[in-house]
Colleague: 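Dumping the structure here so I can ask a few things about it.
Residue numbers start from 1 in every chain, and the chains themselves are labelled A, B, ... in the order their sequence lines are given, proteins ahead of strands. Just so we're clear, the structure is a prediction, and the values are computed from it rather than from any experiment.
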Amino acid sequence: MKTLIKLTNLKKVFSTDEVETHALSDINLEVKQGEYLSIAGPSGCGKSTLLSLLGLLDTSSGGSYNLNGHDVVDINGKQRAAIRNKEIGFVFQSFNLISELTVAENVALPLTYRKDLSKSQRAELVTAALEKVDMNHRTKHYPSQLSGGQQQRVAVARAIAGNPSIILADEPTGNLDSKNAELVMALLDKLHAEGATICMVTHDPRGAKRAERVIEIFDGRIVSDSPTMPSQIEEAVA
Amino acid sequence: MDILSDINFALRTLIKNPKFTALTVFVMTTGLTLCIYMFSFIHGSIVAPLPFENGERIRAVGTIHNGMHYQGASFRVHDFEDLKKRVQSYEVFDAYDVATVNLSTSDRAVRYTGHYVTENFFEISEAKPLFGRLITNEDGVSGAEPVAVISHTIWQNMFAGDKNVLGKKLRINSKPTTVIGVMPDSYQFPSAGRVWMPFTTTGKGVARKDGHYVAVYGVLKGGVTDKQADAELQILMAELAESYPKLNSNTSAHVWTLQLAAMGSDTPIIILAMELAVGFILLLACINVGNLLFSRATEKGKETAIRTALGAPRIRLVMQMMWESLLICLISGVLAVLFAGLWLEVANRDVLESFPFDPPFWWNIKITQTSLIAAVVITLVTAFITGILPALKATSGDFNATLRDGTRGAQSKASGRLSKVIVISEVVLSCALLLLSTGMVYSVNQQNTIDYGTTVEDIFTASVGLPEVAYENDEKRQQYYQNLAESLLTEAEISAVSFTRALPGNGASYENIALDNVDYGKNPQYPSSSSVGVDHNYFAVMEMNLREGRLFDSRDKIDSPLTAVVTDNFVNKFFKDGDVLGKRFKFVETDKDWYTVIGVVNDVIHGQPMSYNIEKPTAFISIQQTPKRFMSVVIKTEADNAASVTGLSERVVDIALKVERDAPLYNVKTLRNSITARNAGMNFVSELFLVFAIASMVLAFSGIYGVMSNTIVQKTQEIGIRRALGADNSDIYKHFIKQGVKQLAIGLAIGLPMGVALVTMLEASSIAQGSLMLYFVIPAFISAVMLLAIYYPVQRALKMEPCAALRHE
Ligand SMILES: Nc1ncnc2c1ncn2[C@@H]1O[C@H](COP(=O)(O)OP(=O)(O)OP(=O)(O)O)[C@@H](O)[C@H]1O
Ligand SMILES: [Mg+2]
């Protein structure tokens, strides 16, 4: 399989009021196309920071990042925006739907930033994405009129609408009850089965279990990187 | 206790947020200062009743001729006498006359304003002499000994404060007159008078057409409204017009308070414009502060929701927020009273001094008890308006939704709609207000720079009035003017001398005329024209242009057929085919012989440069043919610096006294100054509106900027989401500009027509003037403000990394 992500000695330092936080140090990581990766670790270890760097939502303090064959460390804001738009789909813990937009408009949002799509093409992609998450019966609703689980499914639809190379999810089930969490996880499973590459941060062991590969971060460093073995995880939890 | 702790809480919040407090207090103080200033000004000059027992019911009666209002001595005494017999609405209906009179003792001659009055006049105005007695009705009967009451100033100047002045003689217009009383200078009813004589003017034994003009005033009966009195006058005047069509066609009358009459007939509309402007500004201030309070309340939305969930009654939460707005408004109110007071003092000292007249005695332009009460009321109302909506809105949200924290900003949707409404109203108000105030400033500027149709530089003017007794016939008068001109020309600095009945910029007599060969029927509707007597060299001295025909010359003598030189307006109005030379017209009221038009000159503006004056036709007639006793002297001089101007004016006065001891020159000034002084009132108004314009600009800018930047800060997270989904900077700018343009378009679509309508309304009375440039520049300015108000906050938000924006609370 093709290598989608290659991080070499990636670093992130936050400097606030004379305090330097080394959120990430010397991260080396490769993610192949079609992989389902789960990122685990204690609170404050740097999981979200890593995901932000992967998603080009933040700039690294050192090291290199190759995404889909392109070096993305030294590119300008416009190019970063274009990569976020085409290559990456985000799913957030707090859904992050825009409350003034309907379900369909929320899903269409990333597509509106593409100049090469016609209106009808956009509509088709939106319908397809909403069908995948089984939310096509709520297109005209506003986020506030949906349950948390439904909102997160819409957020997933938004993440996949533009057929990105990789889906980045930061605790996608963190704000959901177990039943809804299960639904969203099943959805990610399905997407993975259809060929999607997924990087997911999760505290939820049942969620992590679904991934094929788990990396563990401690204090800004990757301390383990292994294929998931149900037994291992259960041991770890126990 | 609850209240005390709430106040305490509100105070602490204000102290903890000094920037917020300073901004809100600044905005509110601006609005309230303008409001209190305007209130005190209008109240002190126009609304407050005259300080007499019947002050509320004292009225001046003016005439309306061809739609123009005339104040002062504007009634033919015959009309007054007829009205007096018939009016029902008045307790007292009376007349007086004002004229400048020559006062002379054995060694001095001065010119002063004199009032010819009745006993009523003194009674109504509660006059109390310093000593001596007042004029009684017996003094007015024919054959009575001529008497006069003099002012303190005259007593000092002409009698050196001699205690035994009573019974002494004074020559008034060359007539020996006995002094019977001395008035304090504080007595200025209805304007600053210096000498009072019995009112003897009557229509008895005088042909109606030769009737003298008098000023009419009265005291309304209790319970009679101005409207009723007005309606009665209209009916009676219509009857008079029917009985005397030649003299009274197109003439009606109107009741004024003395206060309004003193300010001119345009005053009500100017005041309306001021009140609108101040109201808009205060509204802008309320919206701005209300919005600031509201956005603070939404920031604390979660806190409020938690309190509600914990069972705090809504009224308590509302009250807590209301205290904050009340405190802000109270602080601003106190500051505003101070600033308004200071400003009024400056206005009184600097601005009113530039007026060509002494301010009326009833003007009490300062912070009075009434204006303090008004200030308190306005402040409380403002506090309520600014506080109640944000408080209700902020506590009405579904607290459950806020607490659930499901989507981003469940509450921000409502507040988003509100901020759109706020931005739109800011655009509407500021657009209308800016158009109104700049329209006003623009028109005054136009007036100040307008071409009067003559030169106004290097011209020195003075007024002169010949005593009736010594100058009873035309020959004597003409001889005097010739002598004066010759004497003045001996001065090296004087290169030309001429005479006119009305200087450019000064009002000219406006009379009904009849054209030859036109049948005006049984109910004649005569046209009107200004009539201005001038000396033959006037056109040359004033550098006017002859269009066709000839100017006055030696052919236009006292005994030759009457001739007239008319203006372009005259031709355009009455001789549309342009064929005017040799045509004839006559002045209807004086019913003299026909005047033959011999020439056409360019238009000259008489009166203030308002459109109705600019459009008036004028007929110049020769003072050689009709020499009058009152005249303006026009002196062409090369003296160009202030010192030589003062020196010259002193010498001019001396020379004139040598020519005629009983005809001192008065109103000696440059033509430029006389015009500037005439425009002083409008300049004052225009300066006010300039302040309004600046205030509205500042408030609109800070308001629009405040709302927009707030909205954008609240949307920081949304910006993060959009960027995470691939929006680049230009997409984000575009998104917000698109929203802003929508609000801008709605706002301008309402505000622009509103402003244009206001300007058009004022244009009718020449107070404001619209221009395409303003209609373009002001919306453009507001659009620029809007764009800046979007650009900077968005730029700031874009400086954040998207992940930081996403975490923004
Ligand atoms: N903007 C920032 N400024 C300063 N320090 C930051 C910033 N963002 C994160 N950090 C610090 O970097 C470290 C890693 O934070 P990160 O959010 O990645 O943790 P996390 O693994 O996602 O934790 P959690 O499981 O609680 O979400 C923490 O110590 C955090 O305090
Ligand atoms: Mg995290």
Side-chain angles (χ1 to χ4, degrees), chain A residues 12 14 48-49 51-53 55-59 76-101 106-115 142-152 154-155 158-159 161-162 164 168 170 175-176, chain B residues 298 301 397-420 711-712 714-736 738-739 742-743 794-795 797-809:
Chain A
K12 180 67 189 178
F14 291 108
S48 295
T49 307
L51 219 60
S52 288
L53 290 181
L56 300 186
L57 294 178
D58 208 347
T59 46
N76 66 27
K78 201 174 167 67
Q79 290 166 318
R80 293 165 74 85
I83 289 175
R84 284 196 294 266
N85 185 262
K86 286 221 172 73
E87 307 282 351
I88 295 163
F90 283 102
V91 180
F92 303 97
Q93 174 174 357
S94 49
F95 323 147
N96 278 349
L97 296 176
I98 292 173
S99 58
E100 281 131 85
L101 301 181
N106 263 294
V107 174
L109 202 54
L111 306 177
T112 59
Y113 298 128
R114 292 195 187 171
K115 319 293 178 235
Y142 285 94
S144 55
Q145 298 165 322
L146 302 179
S147 76
Q150 287 174 325
Q151 288 188 42
Q152 193 62 305
V154 173
R158 182 175 67 182
L168 301 177
D170 193 346
N175 281 10
L176 298 176
Chain B
T298 36
D398 176 2
F399 65 90
N400 196 20
T402 316
L403 285 182
R404 221 169 46 206
D405 191 28
T407 56
R408 287 296 151 194
Q411 206 175 15
S412 76
K413 203 170 148 191
S415 83
R417 209 175 319 124
L418 185 72
S419 62
K420 272 176 205 152
T711 312
I712 289 164
Q714 274 176 17
K715 294 203 167 188
T716 306
Q717 200 171 30
E718 184 186 317
I719 293 176
I721 298 170
R722 287 176 183 270
R723 291 177 78 194
L725 298 180
D728 63 25
N729 292 3
S730 63
D731 289 321
I732 302 287
Y733 281 123
K734 251 185 260 163
H735 168 73
F736 283 102
K738 221 163 113 187
Q739 287 202 332
K742 247 189 244 163
Q743 297 161 37
V794 170
Q795 192 196 33
L798 285 176
K799 280 205 180 117
M800 276 187 210
E801 288 291 347
C803 71
L806 277 168
R807 268 198 308 268
H808 189 91
E809 276 298 336

Colleague: What are the two closest non-hydrogen atoms of B/L806 and A/F92, and how far apart are they?
Modeller: CD1-CE2, 3.5 Å
Colleague: Got a second to check how far B/E801's CD is from A/L56's CG, nearest 0.5 Å?
Modeller: 10.0 Å
Colleague: Relative to chain B, which segment of A/R114 carries a heavy atom at a distance below 4.5 Å: side chain, backbone, both, or neither?
Modeller: neither
Colleague: Can you list the residues of residues 79-87 of chain A that sit under 4.5 Å from chain B, counting heavy atoms only?
Modeller: A/A81, A/R84, A/N85
Colleague: Quick one: list whatever passes side chain to side chain contact (heavy atoms under 4.5 Å, CB included) with A/A161, sequence neighbours left out.
Modeller: A/V107, A/L111, A/A129
Colleague: Name all pairs fulfilling the salt bridge (charged side-chain N to carboxylate O under 4.0 Å, His left out) condition that reach into residues 720-734 of chain B, sequence neighbours left out, sorted by first residue then second.
Modeller: A/K78-B/D728, A/K115-B/D731, B/E718-B/R722
Colleague: For B/F736, give me all partners under ring-ring contact (aromatic ring centres under 6.0 Å, His included), at least two apart in sequence or on another chain.
Modeller: none
Colleague: What part of A/L53 gets closer than 4.5 Å to chain B, counting heavy atoms only: side chain, backbone, both or neither?
Modeller: neither
Colleague: Nearest 0.5 Å, what's the CD-CD distance between A/E100 and B/Q739?
Modeller: 7.0 Å
Colleague: Take A/T112 and B/H735, measure what side-chain contact (heavy atoms from CB on, under 4.5 Å) needs, and give me the verdict at the end.
Modeller: CA-CA 11 Å; A/T112 59; B/H735 168 73; over 6 Å; no
Colleague: Where is the tightest heavy-atom contact between A/N96 and B/I721, given as atom of each residue plus distance?
Modeller: O-CD1, 3.3 Å
Colleague: Which atom names give the shortest non-hydrogen contact between A/D58 and B/C803, and what distance separates them?
Modeller: OD2-SG, 3.1 Å
Colleague: Please look at A/S48 and chain B and tell me whether the side chain, the backbone, both or neither of the residue comes under 4.5 angstrom of a heavy atom of that chain.
Modeller: neither
